[in-house]
Peer 1: 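Shown below is the structure under consideration.
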Amino acid sequence: MITLNHYLILSALLFAIGTAGVFLRRNLITMLLSIEIMLNAVNLTFVAVGRYLGTVDGQIITFFVMTVAAAEAAVGLALVIALFRHRETLSPDAFTALKW
Amino acid sequence: MLILIPLLPFIGFVVNAFLGKRLPKSISGGLACAAIVGSFAVALAAVWSVVSSHHAMEQTAFTWITSGELSIPFAFRLDNLSSLMILVITGIGSLIHIYSTGYMHDEPDSEYARYFSYLNLFAAFMLVLVLGASFPVMFVGWEGVGLCSYLLIGFWFKKKSASDAGKKAFVVNRVGDFGFILAMLIIFVTFGTLDIQAVAAAAHSTYTPETAGIGVITAATLLLFLGATGKSAQIPLYVWLPDAMEGPTPVSALIHAATMVTAGVYLIGRCAVLFSLAPITLAVVAAIGTATALMAGTIGLVQNDIKRVLAYSTVSQLGYMFLAMGVGAYAAGIFHLYTHAFFKALLFLGSGAVIHALAGEQDLRNMGGLKKHLPITYWTFLIGALAIAGIPPLAGFFSKDEILWRTYSTEWPAFHLLLYGVGILTAFLTATYMFRLVFMAFHGERRHEAPPAHPEEEEPVAHAAAAHAASAHVAPSTKHGTQHAAPSTQHAHGAHIHDAPPAMAFALIVLAMGSVLAGFIGVPHAIGGNNWIETFLEPAFLAPGAVHEAAEAVHAGASVELMLMGLSVGLAAAGIGLASYFWLRNPAASAAWAQRFSGIHRLLLNKYYVDELYDAAIVQPIKGISTGGLWKGVDAGGIDFAVNGVGLGVRGSSSLLRRLQTGSIRVYAASLFAGAVVVLGYYLWR
Amino acid sequence: MLSIIVFLPLVGAVLVLLAGGRGDRPDREPLVRNLALAVSLATFAATLWLWARFDPSSGDYQFVEQHAWIPAFGIQYFIGVDGISLFLIVLTGFLTPLALLSSWESVHKSVRNFSFFMLALETAMLGVFVSIDLFLFYVFWDAMLIPMYFLIGVWGYDRRVYAAVKFILYTMAGSVLMLIAIIGLAWSYAATTGAPSFSLIDLYNVELTRQTERWMFLAFAVAFAIKVPLFPFHTWLPDAHVEAPTAGSVILAGVLLKMGTYGFLRFAFPLFPAAALEFAPWLGLLAVIGIIYGALVAMVQPDMKKLVAYSSVSHLGFVVLGLAATNMQGIQGSVYQMLNHGVSTGGLFMIVGMLSDRRHTRLISEYGGLKAVMPRLVAAFLIITLASIALPMTNGFIGEFLILLGAFKWHSTMAAFAATGVILSAVYMLWMFQRVNYGPVTNEKNSRLPDLTPREWAQMVPIVAMCIFMGVFPKVFTDPMEASITKVIDRVHSREAAVVEKTAPGFRLPASGSPNLASADTARPGASPGPQAPSELRTPSPEPRAADND
Amino acid sequence: MDFSALAFYVFAALAILASLGVVGQRNPMYSVMLLITSFGALAGLYVLLDAPFTAVTQIIIYAGAIMVLFLFVVMLLNVPREEPAPALFATLAPHGLKIGAVLSLILGGEMVWALKRLPRGWFDQDAAAQSVSSVALIGKSLFTQHAFAFEATSILILVAMVGAVVIARRGQPS
Amino acid sequence: MTDYAAIIPLSIIALSAIAAMVAEAIRRPGERMPIGGFGLIGCGGAALASVFLWDSDAQSFGVIRADNFSLFINIILCTVGILTMLFSNETIEREDIPGGEYYALTLFALCGMMMMAAATDLLVIFVALEILSLSVYVLTGIRRASAGGAEAAFKYFLLGAFSSAFFLYGIAFAFALSGSTRLEQISVALSSQPGGAPPTLAWLAVGMLAIGFCFKISAVPFHMWTPDAYEGAPTIVTAFMSTGVKAAAFGAFVRVFLSTLEPLQAQWIPLLSGIAGITMILGTVVGVVQTNVKRMLAYSSIAHAGYLMLGIISANNTGKAAVLFYLLTYAVSNLGALGIVALLGSAQNQHDELRDFAGLSKSRPGLAALMTVFLLSLGGFPPLAGFIGKWYIFAAAVQEGHYALAIIGVLTSVISVFFYLRIVVMMYMTEGAEAVRPRLPGTAVAGLTLATIAVLYLGVLPTRVLDLALASISTIF
């Protein structure tokens, strides 16, 4: 039988995979994608917990998270475009003018 | 009335210090003389009232220091001991002031006034020293005279050797003062007061020589004696006095012969009650005094600078005085102090007259045959020399023999016969070197133009002379020709040698009379005198209220005393004879002997290398440690390095840590995740 | 009224800023200078008025002003003057005009700002001395760093920035720990009474555990030791002095260093009596090391300012030694020595300033034979030098003598070692004096230096006069202190009973069977005598403290 | 093993594999596609959790809108493959990669370990399932309890719009 | 729910933001329009509204609470807003920043900040956090011509997004704990735990939320974005975000950790203590060698976050009030300092390198003096605001016996003095080339005057404000 814990662990794994995206990929867009993975992992937790507790709040929060994700994506992608205009590259390692 | 005694010279000082530059010499000099002579007059009146009333006179000027249970009034006390002292100080001081008006006459107005202001200030402080009723007030005078000595030694400040000598005097004196201060601390903590009389009373009622043992009293008296060795130029702190001869000669006479240097003797006399309770200290005093007397006497034998000979003679005579104090013959010591003041002042002033006449020449080897040019000087000088040599019936004879006799007849310290032996040997030496001086300077032929005989052998003096000459030459900006700046010109036309001018001659003659007559207040019982001086002084050495145990068995040994007297006179005569053999009749012999015993001769000539020893053992190590060890090592290399090291450490770690901020967003994210891992790990681990 | 005195210089400082006009206005310089001088003189006059109105018989705070400031934390604007602070206030008032005068010719860069900082500094210094509230004290204590920092950093010599930064960081590092201790103390007070208080008088009642008291004392002690500066916390001082402008050096040596010793006396000792007595031997030891060490290092300095700076280490060592003795002579001597050092070292710095104004160097080797060229300056130099080496009848002697006396009663060995400072001070001062002033004029540049100008006369005369006056009539100063010092001593020794046996040996020479004349009550001046008195008298008595409160 | 369990494992495996693919893929285009797959799998899980409305929203908004945005940008910028690391990071990159991956592993491990310690929760209340899947209930709750948050998101979206325009607008404002 | 009073301040700000947008929309190209005026009016209105709401303890929608605590933060934020607006005039023109968008975003950010501090619902806090974060990300990169700005914005954005994911995850666990995101319900759920041993979920929630907050306040090791973002952003934005974001984040931090999560104190105090310690040390130590003023102030801001955390760690009334007071003093001091940097800069020359300040006391004595005042206040010198703030914080820490942290705090503040003084050294003790420096607009003068008065007032007569701070925490918790 599938329990809440299954879902929670699954979401934790997805969250961890999301974090790994930052290190594994040298591409700004993929980094943004990893954030989406993390947010979705959290969403899964919300829905599962809501289901377990018998409240719709979990799903409602999920909607808010989607809105936030959309907003973040918009701004994030705009920033990616702006960066690309300056350097013609999407490699995060190219943007190290500010340091120390 | 007592206040007036130091106050008059002090006023003289103030006036001359502030207005002196604008006053002509006659006024500034006259003022200074008037101040000291006035002081002398007041002192006479005061002493008269003390003597006639048989009561010490006391006066408090104002309350000086108060703190808790400590209260130090600025008080003066005149008793028999200080009576004698103030008379010597103001009396001889007056003469020397008068002498100085002649001696310093070539100085420009401002320097002249400065000289007299210092001299007056010295008199004021010296009077405070002897009149002070408590240790701190005495200390005021004690340090004050040190200051004046410093200023006067370095009076010709452009000469490096002069200012060096001044500084040396001050610093060496400070070592003694260190002892004085510590002694005061012990005394205050022990007795709860610093009033000399009160301390004496308390000590007398609490301790006996047996109970004092090696305790507080011994510590205090030893420290006081350390102070005395500084001021009175005893081993180990005598080294400053010969150098102090860089000062003008009247200053040497007044400060470094007659008055200031005897302050140590006076101090012991003043604290006689305490010293009597500390037999160990007394033994030390006697031993040191004797050793100093001998050592200085031997050095004096070979010196070629006229003033240095006299300086070592002073050191030697001071040793005598300490010997007297050490064997408990306080009155004898003070008596010698008093007679010594006359003849030593006389000798110095006489030498000053010679130097004045020879325009700054101080080297005995360049003198000779002055007898006919300087008759007054010669005869007075001769009297002084005879007096110091102990030829009866001059002053020195009585006082010195009293000391020797008391040394011989005392029971403590146990080695008193050894002390006596050394004392009598020193008496012989004294006669020898004094007459060496007389013969070399006044007799024979003039060796005026003669160059120094053996440059390499005569190194120290040659060195001093060279420095002297060098400074005279190097200072072309000297606007006025002091007699020190003049020798080069004087060498050219050395014929004009004139005897002392009136002011100087007056002082010489008066002092010569004093040297003849001063001893008669202390004619010993053995030859029919009544030793008035001892009777007069004795109360001052006893605790207030203590009974004077006069019935000593002094008379018992009258015949022995006479015998010893004969011995010492004989030795003095022998000394004179020896001197006349070597330096009058057979000068070549002295050179031959110097050759034969060149090791000893050089040792003596170089003053046993004590200055060099101090330099190598104390001065240089301290300088070296301070520079290399403390300043560069501990301060810069240790503490400051550590302090700056903290700063550098912060900077270094800063430079290091900032490297974490690589600019790469992935590193930033790694930091964030690492933080998250740690935070979560922390929670899960708990 | 006291507030007016404290803030008068600050008001003057603002006026100076306004008078200075916008931008660089060299034409306003005289106006600014004179205004600043006038304000500082007015302040000095006011401090003298304070002295005149001071009741010397009372050991309590006088001219007290007490207003709530931050009531939630029991912080008050609580100021007052007692016999200990009175003369430090007067000293501050005395030295500031002289310091301003000393900068008359040497400071030309932005005179307006210079005068502003000098006057602001004066307010901060006065504030430190009048504060009874610890918070207020700390505010002034720290605020004082800023003007001094600017004075060193802007108007100093070559390495001024280094010195200024070192000064401020060094001192701050010490004082922030004190801040923590102050706060801790206030909370400890709150623990017993329910509300915190920073008033010194309230805080006397705090009961601390031994361990806490130790730590807090150490926190205070480090702050004050750095300011004093006590060996081995002294290394900021030579740098700061050497690089500071003359006026800065004068104030730094004259007043700022006193804050450290004042802090010990006012705060560290009475607040933590048991710890103070426990650590007093260590303080004394450091002080003695400082005396000798400072003197030895001073001896070999080639730079006059550095020499005087190290001599300050030595002199301040005496002050701390006197404090550590915690008896009447020791403390009175200490307070007196604070004043002396302010006057004489201030004077020495002025003289060095005059020389370096003329020659733009402070190296001793550059000078020589000045006595022939400027006899008046050298005469003043001589007197101040003598005061500095504690010749009797100058101020220095009174202080050192009393300190040694007090210290000797407390710990004879330390006093004996400290007394060697007497020798060493003569060595380094006279050696320097000789090299600078005596001998032939070896450096051609020195041969035509002008003697004292009228302005310099105005600086030297008060200093020299004070050196001698304070040496001859010390009672004028010591009498008003006595009552207040007695209170401090009673306070410190009130809790002594527990520790007296093991930590305060006192002076007891082995008198080989003779009756010991050092009666026990000499260790506690101001108390009624009696051989069995100590143990009774040392029991804490609340009355005297309650009397503080008016 | 019942159907729901099987479905869970299938969707879970799909989600994990697709997500791994997203972070393991060098071509961003493929990454986006794989992410859409992952989102689809999640939608399936939502259905299993009695949240059909959320599942639909997930598909429409996430997979439909947001991912299209990503795709659009990827194609707009037209950098299909990762470039090689610049010299500075050439040596550091492998280590950085390892450290980062290890961090992620630890993070995942920690979370799994923590969640394992939870008492087992069973989805056994059918009444809850009823209420949770009710869209009416969702709507009611959204506009009552969460009304403020809902309104606040309007500001959020406004900010995002303005922000995206400001950032991405080409050229200087005249 | 029926009471809208509590949202009035933030609504006013939001309206003024929209007004700014509209004004920009109807502005003809080239026309100068005082759009900042809307901001001033908005901030002033919000401040006024907050004053009127004082002691009312109003609640709206059950998720926004206008207790005195949030009102105090409102006032801090309004101060930040007003000063920012005053400094912005002309500055943004020189820096080539699009005015309408700039003002709108700034005001939206302010709105989000107020919302965040006033929210009593984790979800609303999250949304508010996103509003302010997104606005600030965009503001950071608003200068399109600047590559550094874009880089800074992206770094800030990406890391911010990561951290909000963590924060969100924390909310999820909190939600799992209580079935609600309302703080009071979470609180109830936590305190009803039997035996007091909190379950893993609570720990995870605390940890994740802490990570989210620590990121926003830039505590080590979540601080890496701060120096880059502060350096890359336009100076005026740096000024705004360093003060505003901190105030809002700390408001929420205090509210969440000291009310809701208070039962778990024993768990999070050691954790936050560790973080605070490293934050203070690293912030000051790394600041020592910085040569860029903005970057230096960024590290100083990290250190200040560490000090502020002491207030939370103390977890007593003194600590809470201290945080409020400190935020205010930090806001005026830091805004003043960075405001001056902004006023001196232009698009060509940011005037943010240390050497740019050489000789400022000659060319601009007034500005140099004010800069000194602000820096000294940041360094904690009496009698300036920063000193009272620091003292207050350390008093709170000492009260709870956190001596070690307090000592770290004071020692690091000594180190921090070193780098603040480096600027002073440059201005006063170093000769500089005569640089052309732009003239000072009147509004900026007003702003600087305001900030200076505030710094002095809070330093000399802090009583009133301290009492307010104390009162504002005692009414709510």
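Every chain is numbered from 1 and lettered A, B, ... according to where its sequence line falls, protein lines coming before strand lines. Treat the numbers as computed from the prediction; the structure is a model and nothing was measured. Side chains are part of it too, since the values below use all heavy atoms of this structure and drop only hydrogens, waters and symmetry mates.
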Peer 1: With a distance cut-off below 6.0 Å to the six-membered ring centre and an angular limit of 45° from the axis, does C:R435 pair with C:Y367 as a cation-pi contact?
Peer 2: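 Relative to the ring axis of C:Y367, which defines the angle, C:R435 lies outside at least one limit.
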
Peer 1: Tell me, out of B:I622, B:D635, B:V175, who's got the most heavy-atom pairs with chain C below 4.5 Å.
Peer 2: B:D635

Peer 1: Given heavy-atom pairs under 4.5 angstrom as the criterion, report whether the side chain, backbone, both or neither of B:L185 touches chain C.
Peer 2: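 Both parts, heavy atoms under 4.5 Å.
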
Peer 1: By a 4.5 Å heavy-atom criterion (distance strictly below it), what part of B:I625 contacts chain C: side chain, backbone, both, or neither?
Peer 2: neither

Peer 1: Keeping the roles fixed (side chain from B:S110, backbone from B:K21), state whether a donor-acceptor pair exists under 3.5 Å.
Peer 2: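 No; judged by distance alone, with no hydrogens or angles, the pair does not exist.
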
Peer 1: Inspect the surroundings of CZ in B:F62 and state if more than 12 heavy atoms from other residues, nucleotides or ligands are less than 6.0 Å away.
Peer 2: yes

Peer 1: Need one label for C:Y336: side chain, backbone, both or neither, based on atoms under 4.5 Å from any heavy atom in chain B.
Peer 2: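 The answer is neither part of C:Y336.
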
Peer 1: So what's closer than 4.5 Å to chain C heavy atoms on B:I181: side chain, backbone, both or neither?
Peer 2: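 Answer is side chain: those atoms of B:I181 sit under 4.5 Å from chain C.
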
Peer 1: Could you check whether atom CZ of C:F477 has more than 12 heavy atoms from other residues, nucleotides or ligands sitting under 6.0 Å from it?
Peer 2: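 Count over threshold, so yes.
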
Peer 1: Quick check on B:F178: does its CZ atom have over 12 non-hydrogen neighbours (other residues, nucleotides or ligands) under 6.0 Å away?
Peer 2: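 Atom CZ in B:F178 is crowded, with more than 12 foreign heavy atoms closer than 6.0 Å.
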
Peer 1: Looking at C:I423, C:T478, C:V297, which makes the most heavy-atom pairs under 4.5 Å with chain B?
Peer 2: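 If we count pairs closer than 4.5 Å to chain B, C:I423 comes out on top.
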
Peer 1: Tell me, side chain or backbone of B:L223 under 4.5 Å from chain C's heavy atoms, or both, or neither?
Peer 2: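 Contact with chain C involves no heavy atom of B:L223 at all.
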
Peer 1: Are B:R114 and B:E107 close enough for a salt bridge, meaning some N to O gap below 4.0 Å?
Peer 2: no

Peer 1: Mind telling me whether C:F231 and C:H234 have parallel, tilted or perpendicular rings, with 30° and 60° as the class edges?
Peer 2: parallel

Peer 1: Is it the side chain or the backbone of C:L386 that comes within 4.5 Å of chain B heavy atoms, both, or neither?
Peer 2: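 The side chain, not the backbone.
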
Peer 1: Heavy-atom distance under 4.5 Å to chain C: side chain of B:F139, backbone, both or neither?
Peer 2: both

Peer 1: So which part of B:V140 gets closer than 4.5 Å to some heavy atom of chain C, the side chain, the backbone, both or neither?
Peer 2: both

Peer 1: Angle class for the C:F473/C:F469 ring planes (parallel below 30°, perpendicular above 60°, tilted otherwise)?
Peer 2: tilted

Peer 1: So which of C:A415, C:S447, C:G368, C:A426 has the largest heavy-atom pair count under 4.5 angstrom toward chain B?
Peer 2: C:A426

Peer 1: Contact between C:L404 and C:F318 at the side-chain level, heavy atoms closer than 4.5 Å - yes or no?
Peer 2: yes

Peer 1: Any idea which of B:N644, B:D177, B:V646 has the most non-hydrogen atom pairs under 4.5 angstrom with chain C?
Peer 2: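 When all of B:N644, B:D177, B:V646 are compared, B:N644 has the most.
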
Peer 1: Working to the nearest 0.5 Å, report the span between CG of B:D109 and CZ of B:R22.
Peer 2: 12.5 Å

Peer 1: Checking C:L382 against chain B: side chain, backbone, both or neither under 4.5 Å from a heavy atom?
Peer 2: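 The answer is the side chain of C:L382.
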
Peer 1: What about C:Y438 and C:F433, are their ring centers closer than 6.0 Å?
Peer 2: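 Centroid separation for C:Y438 and C:F433: below 6.0 Å.
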
Peer 1: C:D239 side chain to C:A163 main-chain N or O, any donor-acceptor pair under 3.5 Å?
Peer 2: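 Such a contact is absent between C:D239 side chain and C:A163 backbone.
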
Peer 1: B:I187 versus chain C, heavy atoms under 4.5 Å apart: side chain, backbone, both or neither?
Peer 2: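 For B:I187, there is no contact with chain C at all, as no heavy atom is under 4.5 Å.
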
Peer 1: Most heavy-atom pairs under 4.5 angstrom with chain C, which of B:L151, B:D164, B:I72?
Peer 2: B:D164

Peer 1: Measure distances from C:L402 to the heavy atoms of chain B and classify the residue's part below 4.5 Å as side chain, backbone, both or neither.
Peer 2: side chain

Peer 1: Where on C:T420 is there a heavy atom nearer than 4.5 Å to chain B: the side chain, the backbone, both, or neither?
Peer 2: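 Contact with chain B involves both backbone and side-chain atoms of C:T420.
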
Peer 1: For B:V137, is it the side chain, the backbone, both, or neither that has a heavy atom closer than 4.5 Å to a heavy atom of chain C?
Peer 2: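 Neither part.
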
Peer 1: Go through the atoms of C:Y170 and report whether side chain, backbone, both or neither lie under 4.5 Å from a heavy atom of chain B.
Peer 2: side chain

